[in-house]
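Along the sequence shown, residues carry numbers from 1. Treat the numbers as computed from the prediction; the structure is a model and nothing was measured.
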Amino acid sequence: MIHSAVSQVAITAPASSDLSLRRSALKEKSWAKVLTVDLKSNNLRSRNLHLICKSVQQASAPKVSVSPLKLEDDPEPPLNLYKPKQPYTATIVSVERLVGPKAPGETCHIVIDHGGNVPYWEGQSYGVIPPGENPKKPGNPHNVRLYSIASTRYGDFLDGKTASLCVRRAVYYDPETGKEDPSKSGVCSNFLCNSKPGDKVLITGPSGKIMLLPEDDPNATHIMIATGTGVAPFRGYLRRMFMESIPKFKFGGLAWLFLGVANSDSLLYDDEFSKYLKDYPDNFRYDRALSREQKNRNGGKMYVQDKIEEYSDEIFKLLDNGAHIYFCGLKGMMPGIQETLKRVAEQRGESWEEKLSQLKKNKQWHVEVY
């Protein structure tokens with residue numbers, strides 16, 4: 001029975017562009033929610049979904065069909081279909097909190113309906129123009145904010161008409177009072193996290209070619225290193241590799257995700273990644289660095305670079321054999337990572353500068369920080 005339900009996704013996933021029809025169709029099928037938006041929450045509904053997800057794991061064909069497959073046909077990724085002066089008006093489908101109560105700050109998973117009019121590839125970004133006036137340029141709209149897309153080209157509804165964003169609410173705390181100052185909150189992140197289903201959002205793009213997933217070798221190794229919301233593009237990669245049935249792309253290589261966050265409650269898409277780990281143990285590895293809960297080998301806080309150092313010999317061997325390595329997250333993540341890689345290279349009797357130059361030349365090195 002479960003197997004047939006999973007197989008039905010391609011048939012029953014709503015094809016209508018009418019937003020309310022698609023939402024109501026998903027509400028009627030609890031299994032569809034698990035396969036499309038598997039989010040972290042503490043309410044009873046989510047726990048029930050998690051139980052259903054366990055049943056799905058036992059299905060003999062865990063991958064689901066997607067449409068339209070013409071999204072595979074273009075030889076080049078779509079770029080800048082909509083520009084800041086002429087953005088596309090999309091619609092908010094859902095906004096759900098991703099993190100638990102003990103996470104510092106709030107991160108939301110936001111599904112946006114673009115009606116199939118703003119197609120994208122995994123690893124690209126959308127620009128979002130928040131409503132209101134730019135305080136630095138009165139009479140003009142706000143500047144565009146870029147967000148890495150956290151879904152595959154088929155979106156969470158598997159019909160090619162939505163895109164998902166992983167957004168951390170930017171807030172400012174007064175250093176003297178310790179209280180939040182709403183006047184200095186991030187304009188765009190708060191707009192997105194506060195939005196409701198049916199709200200309109202102006203988007204631009206898609207943009208970016210740096211983080212595109214190379215698919216010329218389906219048996220390649222992909223090492224993904226993320227901090228916080230930097231996991232967004234990797235969620236798209238992993239859904240494409242392990243959840244979706246793509247006739248032209250059957251992944252048989254190794255995907256290795258390193259995710260750095262503050263604590264267990266801050267983990268993003270952990271249920272999805274844990275499911276891939278159970279379903280594809282030979283093709284997926286998943287290491288978490290929890291800075292407030294784990295200690296590194298020196299007794300200090302465990303950051304993502306400490307996890308990299310822990311597996312450095314293996315990582316360097318994989319890179320020597322052609323593995324791709326990706327970094328996504330805050331700019332502040334890179335100096336520590338670079339220092340670690342340089343130290344490891346020197347311990348191995350190698351020049352990190354030469355190695356890095358070769359990785360870039362071979363197009364194995366992919367960095368997107370903000």
Side-chain angles (χ1 to χ4, degrees), residues 77 79 98-99 105 107-110 120-128 144-153 163-170 186 188-189 192 205-215 220-242 254-262 266-270 272-273 276 284-291 302-308 311 315 318-319 323-341 356 359-360 363-370:
L79 284 170
L98 272 175
V99 295
T107 301
C108 295
H109 180 82
I110 299 160
Y120 56 89
W121 283 9
E122 298 72 25
Q124 289 192 298
S125 300
Y126 269 173
V128 176
V144 173
R145 271 73 163 183
L146 289 177
Y147 293 93
S148 296
I149 298 171
S151 51
T152 72
R153 66 193 72 184
S164 300
L165 304 181
C166 180
V167 179
R168 182 181 169 116
R169 187 190 292 274
C188 197
S189 65
L192 288 169
S207 62
K209 296 179 80 171
I210 294 170
M211 295 290 286
L212 293 177
L213 180 65
E215 297 188 0
T221 295
H222 303 270
I223 303 167
M224 298 163 271
I225 296 157
T227 56
T229 58
V231 77
F234 306 140
R235 180 191 184 243
Y237 294 176
L238 295 170
R239 284 172 76 91
R240 186 164 174 83
M241 291 171 176
F242 301 125
L254 172 67
W256 191 354
L257 174 64
F258 291 85
L259 175 57
V261 293
S266 304
L267 286 167
L268 305 173
Y269 309 111
D270 191 59
E272 288 187 28
F273 302 150
Y276 304 146
F284 182 51
R285 293 176 67 173
Y286 178 31
D287 283 277
R288 310 163 181 87
L290 309 177
S291 61
M302 175 70 80
Y303 292 109
V304 74
Q305 60 263 32
D306 299 310
K307 277 290 177 186
I308 293 170
Y311 295 101
I315 289 171
L318 290 170
L319 291 173
H324 291 272
I325 190 164
Y326 310 79
F327 304 87
C328 191
L330 295 173
K331 281 181 184 176
M333 72 185 275
M334 288 310 294
I337 289 172
Q338 291 268 31
E339 286 171 18
T340 298
L341 292 172
L356 178 59
L359 289 171
K360 289 179 178 179
K363 297 183 179 178
Q364 294 172 250
W365 182 266
H366 313 262
V367 179
E368 186 170 85
V369 291
Y370 40 84

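- Side-chain contact check for Val261 versus Val99: every heavy-atom pair is 4.5 Å or farther apart.
- Rounding to the nearest 0.5 Å gives a distance of 9.5 Å between CD1 of Ile325 and CD of Gln364.
- Taking the side chain as every heavy atom from C-beta outward, Glu272 and Leu238 never approach each other to under 4.5 Å.
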- request: Determine, stepwise, if the pair Ser148 / Cys166 fulfils side chain to side chain contact (heavy atoms under 4.5 Å, CB included).
  value: CA-CA 8 Å; Ser148 296; Cys166 180; over 6 Å; no
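- Side-chain contact between Thr229 and Tyr370 is present, with heavy atoms from C-beta onward closer than 4.5 Å.
- Between Tyr276 and Leu257, every side-chain heavy-atom pair lies at or beyond the 4.5 Å cut-off.
- Between Met302 and Ser291 the shortest side-chain heavy-atom distance does not fall below 4.5 Å.
- Judged purely by distance below 3.5 Å, without hydrogens or angles, the side chains of Tyr120 and Ser125 never pair a donor atom with an acceptor atom.
- Ionic pairing of Arg239 and Glu122 is not present here: no N-O contact between side-chain nitrogen and carboxylate oxygen is shorter than 4.0 angstrom.
- Between the side chains of Gln124 and Ser207, no donor-acceptor pair is found at a separation under 3.5 Å.
- Under a cutoff of 6.0 Å and an axis angle of 45°, Arg235 and Phe273 do not form a cation-pi pair.
- Rounded to the nearest 0.5 Å, atoms CZ (Arg285) and OG1 (Thr221) are 10.0 Å apart.
- Only one option out of Phe234, Tyr237, Tyr311 pairs with Trp256 in a ring pair (Phe, Tyr, Trp, His ring centres under 6.0 Å); it is Tyr311.
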